[in-house]
Amino acid sequence: MRKILFISFLLYRIVAFAQPVFERLDTIKVSNFGTPLKNPWTGGLNFTEWSAIDLDLDGIKDLAVFDKTGDKIRTFKNNNIVGTASYKHAPEFQSAIPSYVNSWAVFYDYNNDGKEDLFTYALGFGGIRVYKNTSTVGNPQFTFFKNYLISDYDTGPGLDLANTPVSSVALPGLADIDNDGDMDVLTFQSSGIQFEFHKNMSMERYGVIDSLVFDVVDRCWGDAVENNCSSTLSYPSCPLMQLYNETVATKRDAKVNAVMHSGSCLLCLDMDGDNDKDLVVSDVSCDSIEYFRNAGSLANAHFDYTTKLYPNGTNPITFKQFPCTYFLDLDNDNKRDLIAAPNIQASENYKGVWFYKNNGADNAPNFQLIKKTFLQDEMLDFGEGSYPTTLDYDADGDMDLLVGNFGYYAPVSVYNCKVALLENTGTSSAPRFNLVNSDYAGLSSGGLRNMAPATGDMDGDGDKDLLIGDSNGKLSYYTNTAPIGTAANFVLAADYTTGFLAGIDVGNNAYPQIIDVDRDGLKDVLVGEYDGTINYFKNIGTITVPVLAGGIGNWGSVKVNKPGYFEAQSTPCLFDDNGSYKLMIGSERGYLYMYGNIDGNLSGTFTLIDSTYNDIYEGEQMAPHLFDFTNDGKLDLIVGNYSGGLAYFKGAANPNAMEENMDVYMEMVLYPNPATHELSLQFNNYNNAIKIITLYDAIGRKISENKTGEQEYTLNLDQLQTGLYIVEVAMIFPDNKMLRVSKRFIRQ
């Protein structure tokens, strides 16, 4: 009997803490002023780096696009139409990308096995980290290979080894520069103005191309320098370099430790068909790129001509800041084309992917500008930031969308901040959307920055009003004056200086939600903010005349900061989950947090259920909104992010309620991940099982084993090397039933 009672109690607790489940859905159709969008729910693109990669190993090169906004890689499947650049968003491949990817990412098949490997920034001392593509058909996978690429700077008796110098705001040139079959690396030299050639010695030493072993053979490659957006050819201290021989030392400036150029992108390609590599250079402080023509040879690179009118004088590449270039075949004609995009914030964010088609040959290209919004014009992209909410603006019975943003880039670092309207042209159970107004209600005229909208009936007249949070941490209230059953008409009625919002200031970046928090029939206001907390403003007025009491800061002791960071950008979404409130919060770090234990505990501390909810990661500064768009009784989720787009997740049925509820009971959150000195394991608050915690390395070797009955446990990582590890927890219940859960983490 005691055993039965225990199981019944356990199941009650499990069911009580079951959470909504979401599945990504990209099939909801969306149009842009009537023009159908091919990839509407991609999530937007801001400051991007582009690589060709065969994602599914079908022999066709697809696309991997790294967005420096949130260090997010988005993947696109090539539709394989010869002569046409046509791609379909393929998020199913994104989960295979290592979570470590940081600052920049380039894919290059260094071992010529037909699978592009991943090169990214190495934290710590800086440089290049490598993941080998170990994918098989149906199982995309990248395996850690090298933490740093190391180069030998000396051919004398001793070794002078150092990191290949690449900063976090740079892109190295990865190419077979000397045409011997293996991948070489081009970076900036320690002076920060000369090009440095790191020759791959794999062929010379081993007769194969699959080793990444480098010697610095030329510290002034091409006999030219670039500094502060200007260049000098035939630089006096750069005599022509002789062909490097393993036994004859010809390196310059031996035993000088390399340092990193502040920020540059280097693209090596043959522009004139002479079989040597020319160079395209961009710099973090420049608004254009510079082309260097190589008139030398494979043995002796020598630049004799340079221009900033690249790739042609009619449509040269120019962005506000730091344009970078990428050479890849986009239209399947076996001739690589050119992509140009900004590589830093405060530059073009929604017209920032320039596609130049190659009308020449692969080794002598002739680039023609086709468009400045490649792929961006096929998705919802609201510049920087996207903050969704719902409003049946035309009172037709189906729910429309409002989307605020940080802003669309305009010249001289000005941002046009707007709220867009997407009309639901489908039905209340089969939605489809059309962007019909990019500046709804003329809200941009208020001059607000970082506009985050929220809707709700604040004045009790039966229709929804509008709150706008802004970058100053303040709110503006627009009352809906339209008669019931007609299209909304919003009029500014209160702000920081007037009405029921007077004096409300949460500091920086206000993200509001209108909801009856205490269930007393009056609409209250929640406001997230820059520092990751939530503010609760209780409505102490009446249904028709709202009055907000002094706010409760740090409501519920909620905090969604990335460890070690102050910025958090908390975007609240309080919702009713089968009669009890749950709080979903978007965060700057790009994950969704879920809190419970709210009802009857409005002045207490809420329970953190998960800090990476549903493993949904759409990039930096996620902003969630929940609504049952398909009228099936399950909440759907729309998520905005700082890349300026939206992702749609449909509420999913529980295929096996008992198993899913047990999964919730067994939830284990690893925090932080990646971790440095300590890793916290957090379990469901009702999980009192004995837990055997076992730590393994990436190849399954047991490192340690510990036991606890608590809901939180901390692992000390000081004795671990950097890399991938696995935590397995065996949970032993009073009836001796054992259940296991395991998760991976990175020690950095």
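Just so it is clear, the values below take in all heavy atoms, side chains as well, and ignore hydrogens, waters and symmetry mates. Sequential numbering from 1 along the given sequence is applied to the chain's residues. Worth saying up front: this structure is predicted, and the values here are computed from it rather than measured.
- Under 4.0 Å is where a charged nitrogen must lie from a carboxylate oxygen, and between K582 and D599 no such pair does.
- Between P431 and T630 the shortest heavy-atom distance is CD-CG2, 4.1 Å.
- The line from OH of Y725 to CG of D697 is 7.0 Å long, rounded to the nearest 0.5 Å.
- Nearest heavy-atom pair, S103 versus S168, reported as atom, atom and distance to 0.1 Å: CB-O, 3.3 Å.
- Here the two rings, on Y108 and Y110, have centers that are 6.0 Å apart or farther.
- Side-chain contact between M668 and V741: present, with at least one pair of heavy atoms (C-beta onward) separated by less than 4.5 Å.
- With rounding to the nearest 0.5 Å, the separation of CD1 in I609 from OH in Y595 is 10.0 Å.
- The backbone N or O of G651 sits less than 3.5 Å from a side-chain atom of D636, completing a donor-acceptor pair.
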Indicate every side-chain donor-acceptor pair of residues 548-558 with a distance under 3.5 Å to a residue at least two apart or in another chain.
residue	atom	partner	partner atom	Å
W555	NE1	L602	O	2.9
S557	OG	T605	OG1	3.3

May I have the step-by-step check of salt bridge (charged side-chain N to carboxylate O under 4.0 Å, His left out) for K538 and D524, ending in yes or no? CA-CA 5 Å; K538 175 176 169 54; D524 309 300; 5.0 Å; no
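- Within the 4.5 Å cutoff, side-chain heavy atoms of F629 are placed close to those of I638.
- A cation-pi contact, defined as under 6.0 Å to the ring centre and within 45° of the axis, is absent between R129 and Y148.
- K68 is not listed as a side-chain neighbour of N46, based on a closest heavy-atom distance of 4.5 Å or more.
- The shortest distance between side-chain heavy atoms of Y613 and Y591 does not fall below 4.5 Å.
- Counted by atom type alone, N535 and E529 present one or more donor-acceptor pairs between their side chains at under 3.5 Å.
- Rounded to the nearest 0.5 angstrom, Y696 OH and I703 CD1 are separated by 10.5 Å.
- The side chain to side chain donor-acceptor pair (under 3.5 Å) test with N509 singles out one residue from Q569, E588, Q621, and that residue is Q569.
- For N716, there are no side-chain hydrogen bond (donor to acceptor under 3.5 Å, both in side chains) partners, not counting sequence neighbours.
- Going from atom CG of L637 over to atom CD of E23 covers 12.5 Å, rounded to the nearest 0.5 Å.
- Residues satisfying the side chain to side chain contact (heavy atoms under 4.5 Å, CB included) criterion with L724, sequence neighbours excluded, are A698, R744, I746.
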Working for side-chain contact (heavy atoms from CB on, under 4.5 Å), residues T612 and L592: CA-CA 5 Å; T612 56; L592 296 177; over 6 Å; no
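- The shortest non-hydrogen separation linking Y593 to N561 is OH-O, 3.7 Å.
- Counting only distance, with no hydrogens or angles, the side chain of S386 and the backbone of N641 share a donor-acceptor pair below 3.5 Å.
- Side-chain N or O atoms of D62 include one that pairs as donor or acceptor with a backbone N or O of L55 at under 3.5 Å.
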Run the numbers on E728 and K702 for salt bridge (charged side-chain N to carboxylate O under 4.0 Å, His left out), then give the verdict. CA-CA 10 Å; E728 180 187 76; K702 183 176 177 180; over 6 Å; no
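- Residues M622 and I616 come closest through the heavy atom pair CE-O, 3.4 Å.
- Side-chain atoms of I97 and F142, non-hydrogen and from C-beta on, do get closer than 4.5 Å to each other.
- S611 pairs with exactly one of N673, V560, I585, V669 by the side-chain contact (heavy atoms from CB on, under 4.5 Å) rule, that one being V669.
- A pairwise comparison of heavy atoms in A510 and P512 identifies O-CD, 3.6 Å as the closest pair.
- Partners of E678 according to the side chain to side chain contact (heavy atoms under 4.5 Å, CB included) rule, which considers only residues two or more places apart in sequence or in another chain, are T714.
- Residues L149 and V130 form a side-chain contact, since some pair of their non-hydrogen atoms from C-beta on lies under 4.5 Å apart.
- Taking the six-membered ring for Trp and the full ring otherwise, Y131 and F145 have centroids separated by 6.0 Å or more.
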Between D117 and K115, is a salt bridge (charged side-chain N to carboxylate O under 4.0 Å, His left out) present by the stated rule, with each step listed? CA-CA 6 Å; D117 308 290; K115 297 182 286 190; over 6 Å; no
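- With sequence neighbours excluded, the residues forming a side chain to side chain contact (heavy atoms under 4.5 Å, CB included) with E116 are I53, D54, K61, F107, D109, listed by chain and number.
- In this structure, V106 and L118 have side chains that are not in contact, with every pair of non-hydrogen atoms separated by 4.5 Å or more.
- Taking NZ of K72 as the start and OG of S643 as the end, the distance is 9.5 Å to the nearest 0.5 Å.
- At a threshold of 4.0 Å, the pair K77-D56 counts as salt-bridged, since one of the basic side-chain nitrogens sits closer than that to a carboxylate oxygen.
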Steps toward side-chain hydrogen bond (donor to acceptor under 3.5 Å, both in side chains) verdict (N450, Y387): CA-CA 9 Å; N450 202 56; Y387 316 120; 2.6 Å; yes
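- Using a 4.5 Å heavy-atom cutoff, the side chains of L608 and Q682 are in contact.
- The closest donor-acceptor contact from the side chain of D628 to the backbone of D632 lies under 3.5 Å.
- Expressed to the nearest 0.5 Å, how far NE2 of H677 lies from CG of L720 amounts to 12.0 Å.
- Shown here are the side chain to side chain contact (heavy atoms under 4.5 Å, CB included) partners of N39, two or more places apart in sequence or in another chain: T42, K88, H89, E378.
- In this structure, R74 fails the cation-pi test against F93, since its NZ or CZ atom is not both closer than 6.0 Å to the six-membered ring centre and inside 45 degrees of the ring normal.
- Contact between K691 and A689 at its shortest, heavy atoms only, is NZ-O, 2.8 Å.
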